Protein chains: 2
Amino acid sequence: MSTTGRGLHGHVLESLGPAIAAGEYPPGSVLRTDELAQRFDVSRSVMREAVRVLESMHLVESRRRVGVTVRPKSEWNVYDPQVIRWRLAGADRPGQLRSLTVLRSAIEPVAAGLAAKNATADQCAELTECALGMVAHSRGHQLEGYLVHDIAFHRVVLTASGNEMFARLGDVVAEVLAGRTHHEVMFEDPDPAAVTLHVQVAEAVRAGDAARAEHLTREITVGALQELDILAP
Amino acid sequence: MSTTGRGLHGHVLESLGPAIAAGEYPPGSVLRTDELAQRFDVSRSVMREAVRVLESMHLVESRRRVGVTVRPKSEWNVYDPQVIRWRLAGADRPGQLRSLTVLRSAIEPVAAGLAAKNATADQCAELTECALGMVAHSRGHQLEGYLVHDIAFHRVVLTASGNEMFARLGDVVAEVLAGRTHHEVMFEDPDPAAVTLHVQVAEAVRAGDAARAEHLTREITVGALQELDILAP
DNA sequence: CGCCAACAAAAAGTCAGACTTATTCATCAC
DNA sequence: GTGATGAATAAGTCTGACTTTTTGTTGGCG
């Protein structure tokens with residue numbers, strides 16, 4: 001599932017990245033390339049490549065004579081899927097999940113509205129298929145099957161919006177939904193009302209009713225916010 | 001203004017990144033590290049570091065025996081500020097500006113609503129200061145001064161929302177606003193209605209009126225969409 | 001006592017070359 | 001035609017020497 005890990009430098013990243021993302025090294029901490037190379041038992045070339053990648057994510061800054069310093073969290077490229085994964089794997093997973101859910105609540109309704117205008121016939125069909133799959137797996141503890149269709153549903157909506165920025169949030173939404181199912185309390189079957197809303201969104205998109213698609217999706221995201229107690233009930 | 005450029009590998013990136021982002025190399029194009037190193041007159045080590053960064057942005061993929069292949073645009077990390085800058089500097093600048101403006105229209109109203117709940121007293125003061133600055137520079141071709149306060153205003157709102165994901169869009173919004181002023185037709189003074197809206201948003205945030213702040217900001221973004229003919233007038 | 005300049009140390013940056021490894025393609029036997 | 005064998009290729013890795021920038025210190029001078 002993870003995209004990195006190929007090559008030695010990937011291996012190093014997989015170990016060092018999460019550590020930094022988890023705040024193990026407070027902002028301003030200084031790492032030396034040579035020391036890191038020794039610690040991970042790789043050559044300086046490999047370690048330098050890893051540092052370059054961390055630098056491109058704005059997790060660290062490399063300066064001559066001083067070393068590799070960890071940047072404050074406020075400067076990180078928090079939209080980098082890799083960084084998101086690393087943070088979700090770490091200590092501030094709950095906070096990260098909250099931030100991302102709020103982001104969802106802003107993006108997805110607008111995306112659904114655009115999808116109603118721009119979705120192709122194929123995408124409409126795929127959407128109803130996903131919604132029906134959700135219905136089919138909504139009862140009797142088929143959480144995994146439900147999740148698959150839920151993820152696919154939201155991914156199609158984001159893609160069908162026609163906006164590339166929205167489309168690229170598909171992976172993020174997938175992480176959030178999967179996280180909710182796997183790590184949060186989610187032993188019971190999904191809320192029937194939420195399932196119905198998804199079906200209705202699919203209908204609205206097919207009908208080209210942008211306002212309705214947006215409104216219904218907003219109700220879905222409001223539900224997601226309430227689950228995390230971000231909104232008052 | 002640009003964060004990259006330090007070191008040889010930065011120079012290479014500054015040249016190769018925009019070229020790829022501009023679509024100069026169609027998806028699937030194959031580059032060889034050694035050839036690139038020769039072309040840019042740098043050592044392989046340096047070129048490898050540059051390629052690693054491009055790889056972390058998902059602009060290219062490096063595979064043994066085949067080379068460095070350019071990925072399809074749909075896989076790029078389009079939220080990477082560097083990638084955004086590169087694309088804004090290239091041929092599909094208009095499309096990029098449209099995508100980002102739509103993104104703004106989704107994010108900023110929600111951010112303003114949250115800001116109304118979470119903004120500190122300092123942030124409220126800063127906000128009104130920005131709004132007043134906009135008013136002060138809204139007449140008599142003081143576009144640069146107006147822009148500075150406009151950017152600051154939106155940055156404060158995004159930061160005051162308390163959501164780190166929103167906060168990190170400050171730079172993106174700045175790019176969009178600056179782009180509109182510098183490269184689009186913007187010879188006349190800003191729309192007085194827009195200026196008023198900003199002042200009112202500042203008031204709503206200070207008053208803690210989330211719904212009003214969100215609604216007013218939505219009106220601002222609708223105006224931005226109309227400017228680009230994304231919405232019917 | 002304070003300030004500026006020269007100097008020395010430290011760590012990243014750069015380079016060149018040799019070697020390893022995975023992958024692909026072509027060849028050949030079956 | 002299919003599957004195994006092998007050679008070619010380009011990335012991956014390592015090492016060691018060298019350069020450059022930055023920082024902190026030292027020492028001289030006002």
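Computed from a prediction, not measured in an experiment: that's the story for all the values here. Per chain, numbering begins at 1; letters A, B, ... match sequence-line order.
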- [ ] Using the closest heavy atom to pick a nucleotide of DNA chain D for each, name whichever of A/Ser43 or B/Val68 lands nearer the 5' end.
- [x] B/Val68

Task: Electrostatic pair B/Glu175-B/Arg87, nearest N-O below 4.0 angstrom - done: no

Task: Touch class at under 4.0 angstrom, heavy-atom based, for B/Ser45 against every strand present - done: base

Task: Pairing of A/Arg6 and B/Glu61 as salt bridge, 4.0 angstrom limit - done: yes

TODO: Can you tell me the distance, in whole Å, between the CG atom of B/Leu54 and the C1' atom of D/dA11?
DONE: 16 Å

Open item on the list: Whole angstroms only, please: what is the CG-C1' distance between A/Leu8 and C/dT21?
Closed with: 11 Å

- [ ] Give B/Arg63 one of three labels, base, sugar-phosphate or nothing, depending on what nucleic acid heavy atoms sit under 4.0 Å from its own.
- [x] sugar-phosphate

- [ ] Let me know the distance between CD of B/Glu61 and P of C/dT23, rounded to the nearest Å.
- [x] 12 Å

Task: Check: B/Trp86 and B/Leu13 side chains under 4.5 Å, non-hydrogen atoms - done: yes

Task: Length of the line joining B/His11:NE2 and C/dG13:C1', which is rounded to integer Å - done: 14 Å

Task: Under 3.5 Å side-chain donor-acceptor pair for B/Ser56 and A/Ser56 - done: yes

Task: Euclidean distance, atom NE2 of residue A/His9 to atom P of D/dG12 [Å, nearest integer] - done: 8 Å

Task: NZ/NE/NH1/NH2 to OD/OE distance under 4.0 Å, A/Glu55 and A/Arg52 - done: yes

TODO: May I have the distance from B/Glu49 (atom CD) to D/dG12 (atom P), rounded to whole angstrom?
DONE: 13 Å

- [ ] Let me know the distance between CZ of A/Arg52 and C1' of C/dT14, rounded to the nearest Å.
- [x] 11 Å

Which atom pairs link the protein and nucleotides 18-21 of chain D when you take only N or O atoms and keep those under 3.5 Å?
{"from": "D/dT20", "atom 1": "O2", "to": "A/Arg64", "atom 2": "NE", "distance (Å)": "3.3"}
{"from": "D/dT21", "atom 1": "O4'", "to": "A/Arg64", "atom 2": "NH1", "distance (Å)": "3.4"}

- [ ] Count the heavy atoms of every other residue, nucleotide or ligand shown that sit under 6.0 Å from CD of B/Gln38, and state whether that count exceeds 12.
- [x] no

Task: OP1 or OP2 of D/dA11 under 4.0 Å from side-chain N/O of B/Thr33 - done: yes

Open item on the list: Measure CE/A/Met47 against P/D/dG12 and give the value in whole Å, please.
Closed with: 17 Å

- [ ] Report the nucleotide, chosen from C/dC15, C/dA12, D/dG12, that has the shortest atom-to-atom distance to any side-chain atom of B/Val42.
- [x] C/dC15

Open item on the list: According to salt bridge (charged side-chain N to carboxylate O under 4.0 Å, His left out), who are the partners of B/Arg104, at least two apart in sequence or on a separate chain?
Closed with: B/Glu108

